[in-house]
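Here's the structure, in structure tokens; my notes come after.
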Amino acid sequence: MISLSLPTPVSPSTLQLNRHSSHKIPFPGRHNSTSITFESLKTQLIHHADVGHIQEAVSTLDLMSRANLTPDLTAYSVLLKSCIRTRNLDMGRLIHSKLTESKLDLDTVVLNSLISLYSKCGDWRKAEEIFSSMGELRDFVSWSAMISCYASNGFNRESILMFFEMVKFGERPNQYCFSAAIQACSNSEYSRIGIVIFGFLLKTGYFESDVCVGCALIDLFTKGFDDLVSARKVFDKMPERNSVSWTQMITRFSQMGSPRDAVDLFFNMVISGFIPDRFTFSSCLSACSELGSLPIGQQLHSWVIKTGLCWDVCVGCSLVDMYAKCASDGSMDNSRKAFDRMPNHNVMSWTTIITGYVQNGGHENEAIELYYRMLTEGKVKPNHFTFASLLKACGNLFDLRLGQQIYGQSVKLGFSSVNCVGNSLISMYTKNDRIVDARKAFEFLFEKNLVSYNALVDGLDSDEAFKLFNNQIEKNTNIGVDAFTFASLLSGAASIGAVGKGEQIHARLLKSGFESNLCISNALISMYARCGNIEAGFRVFNEMYGRNVISWTSIITGFAKHGFAKRALELFKCMLNSGIEPNEVTYVAVLSACSHAGLIDEGWMYFNLMYKAHRIRPRMEHYACMVDILGRSGFLDRAMLFIESMPFTANALVWRTLLSACRIHNNTELGKKAAEMIIERDPNDPTAYVLLSNLYASAGQWENVAKIRRGMKERSLVKEAGCSWIEIENKVHKFYVGDTKHPEARHIYKELDELVVRIKEKGYVPATNFVLHEVEEELKEQYLFQHSEKIALAYGLISTRNPKPIRIFKNLRVCGDCHNMMKYVSAATGREIVVRDSNRFHHIKDGMCSCNDYW
DNA sequence: GTAGGGTTAG
């Protein structure tokens, strides 16, 4: 692990002081003291201040005082202006203290400058202090400066209140006041007040004459109301536009999900004769990132090279980000090149490249290494965004020790209470199943926003998540809900197959207006599919408009998992006809449809089509699907040859697939080899040992079974306990093998006993070879009837009525005897039984299963 | 002396 240490932060103002103090003060007549006049010194001072040499200007000021040529207020004013322009708070403070020492009477102009200085440098308290001490000296500029001070320092409420106070005081607000106050109203909390101020503004005529007021209105409609149409109307009506207003429209379109329009606006701007600057290119490049359009991005890249703007840090950052987001193959090469070519780096550029590595996945170590370089070589202090990305990297790496170390550094630098750092910390913990720590991090947050809630909801189990949603999120109108909240809730319900809960969330969605959201529709499709109600999923799919590749992939995966290979493949053809490009996940779904239905020829056909038609190179998952297709159909030797012919070394997943095929076809020899390969690659994976021991057990080789069990014990590997669950009236009931904890256990076992007698009459014979212990036949039968899926089935039968299907869920693969027994039960009782196991769905009806006993 | 545009967490 890299050991991390933070460099001592160096403030930019200290650097500047050191550099200038070693310089000689350029002063033409310095040896001839008789030529020093008040006017010449003042000219000197103004010149230094104008070109930004504040240190020299202050020296000149000192010189004036020493020569008894007392500087007047305009001299100080010039200096303050220079400090405001360069945001130099230290020098500004120095000048302020010199002003106080000078005993001059401060006038309105100087005091207004001081307000502006402190406001722009973030010291709003000092600005406030000066404003309230002004009394009679206050003029409309003081009011404007204070209104915008509050607005730009995030005190929207105070800014709006001050605007109305000013009106009450009898001052007429000017364009500066209007734009600052409307800006303060731009967040949704105060957007209605913004409209009131807008009405007031229309009476004044500033709307027609001032570009900044127009810009503020664009923000009011976009940020306050999500209303791009009205913002566009304001923009179109603006009599005067400049490159800032164009850039703002481009930025807002890009940020609010219309990157295509943003790019169009950019070209319109150029055609209309406005010159794009670094901000414009930066925004337009962000729109390209959003669009994922590499060609337009590259076109802009060559443009910024021609104009020389590529050396700008903002533009450089956007280029790095664009190449990271547009890399269709997840490669960071181009992004890294753009980063390495930048002449100067700042926090933002380091953070952008680190974030790129984290978001493209699989490059987390590079991200951590860059962080180390940022601290040592770059001598740059990380900010809250840097920490947010780094914590995400640690979450992906499952390296909580490093994560906690990095979090410690954010604490030292004072970022730990910043929302996005805390939120990242929560999701780092939820991703690593550390719910207790996630909750702690959540409680620690000073201000919890929707992202915080969503991060936690995502990690909680479905019940808890739903509780949090009902009790806190929905009741607290300040938090609001968004698509992420619903997506997390839906995936929570889907993971345990709680269709009742899923339906409740669906009902809430219809009320909330999110049901037309593409991500939500997609989440609904998978929720219904994963809960066993594929037809409901298909209805959602049919009723939505604007389906994307994820919508199609979700429904195809659904049909494939349910064993409806024909419908899955038909939908795949429809997808191709409608012009949607499949991705690698779509092909996993298509190939798994083939494997679940034993369609060997189709499987080969699609495997070859992937690259030929869509330039998608098969990944490990696709090879695993092909091994599955061959292995399940009994062509174990061909599957083995196929593995040996792969262009890269097969991983544990591929061998695990072969091993389960060996179990179905009782091939102990090949199974042994597969298990060895898995254990070689993943020595701590209990599933390999379990599968191998099952293989020996079904071949009756009990000695070997015992040997494996011993091996597992030595490594202290624990087999995942098999369990099944069923949702009855929105409550999930979970059962383990031989479970008697359920309040209705007696009733359940009575039903099970009666059931066995009934189906034995119809020809059911318990398949005792599925019992994995070496015991007497009769005992084996007893063990068999304690399987969790049978208990869940019996409970389902006594608690629901026909024609409601009984939906059972199991964390492992369903046992062969249980599967057979359920077929008999479906025939004897007329009930439809749907089972979701770790691999697929079984629809069992009238003694038949949709898997054709092939799973 | 007073105003506007770029990176971000789920």
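Here is the naming used below: chain letters follow the sequence lines, and residue numbers restart at 1 for every chain.
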Quick one: ring-ring contact (aromatic ring centres under 6.0 Å, His included) partners of [X], sequence neighbours excluded?
X: A:Phe169; answer: A:Trp143
X: A:His363; answer: A:Tyr357
X: A:Tyr429; answer: none
X: A:Tyr323; answer: A:His301

Between [X] ([atom1]) and [N] ([atom2]), how many Å, whole number?
X: A:Tyr176; N: B:dG4; atom1: OH; atom2: C1'; result: 11 Å
X: A:Phe274; N: B:dG4; atom1: CZ; atom2: P; result: 20 Å
X: A:Arg241; N: B:dG4; atom1: CZ; atom2: C1'; result: 16 Å
X: A:Asn242; N: B:dA3; atom1: CG; atom2: C1'; result: 12 Å
X: A:Asn174; N: B:dT2; atom1: CG; atom2: P; result: 12 Å
X: A:Glu240; N: B:dA3; atom1: CD; atom2: P; result: 18 Å

Exercise for the section: Report the residues that fulfil side-chain contact (heavy atoms from CB on, under 4.5 Å) with A:Trp311, sequence neighbours left out, ordered by chain and then residue number. Expected result: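 A:Pro343.
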Exercise for the section: Under the side-chain contact (heavy atoms from CB on, under 4.5 Å) rule, collect the residues that match up with A:Lys448, sequence neighbours excluded. Expected result: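 Result, side-chain contact (heavy atoms from CB on, under 4.5 Å) vs A:Lys448: A:Phe442, A:Glu443, A:Leu445, A:Ser452, A:Tyr453.
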Problem - A:Asp340 atom CG: more than 12 heavy-atom contacts under 6.0 Å - result: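 Yes, because the 6.0 Å sphere around CG of A:Asp340 holds more than 12 heavy atoms from other groups.
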Practice task
Indicate whether the side chain of A:Ser318 and that of A:Asp321 have a donor and an acceptor atom separated by less than 3.5 Å.
Solution key: no
Handout entry: Within residues 149-156 of chain A: residues closer than 4.0 Å to DNA chain B (heavy atoms)
Key = none
Exercise for the section: Mind checking A:Lys120 for me? I need base, sugar-phosphate or nothing, with any heavy atom below 4.0 Å counting as a touch. Expected result: sugar-phosphate
Exercise for the section: Could you check whether A:Val211 gets within reach of a base, just the sugar-phosphate, or nothing at all, counting any heavy atom under 4.0 Å? Expected result: base
Practice task
Would you mind building the protein contact string for nucleotides 5-10 of chain B? One character per nucleotide, 5' to 3', B for base within reach (heavy atoms under 4.0 Å), S for sugar-phosphate only, - for untouched.
Solution key: BBBBBB
Fill in the blank from the handout: So the salt bridge (Lys or Arg N to Asp or Glu O under 4.0 Å) pairs with at least one residue in residues 275-293 of chain A (sequence neighbours excluded) are A:Arg278-A:Asp312
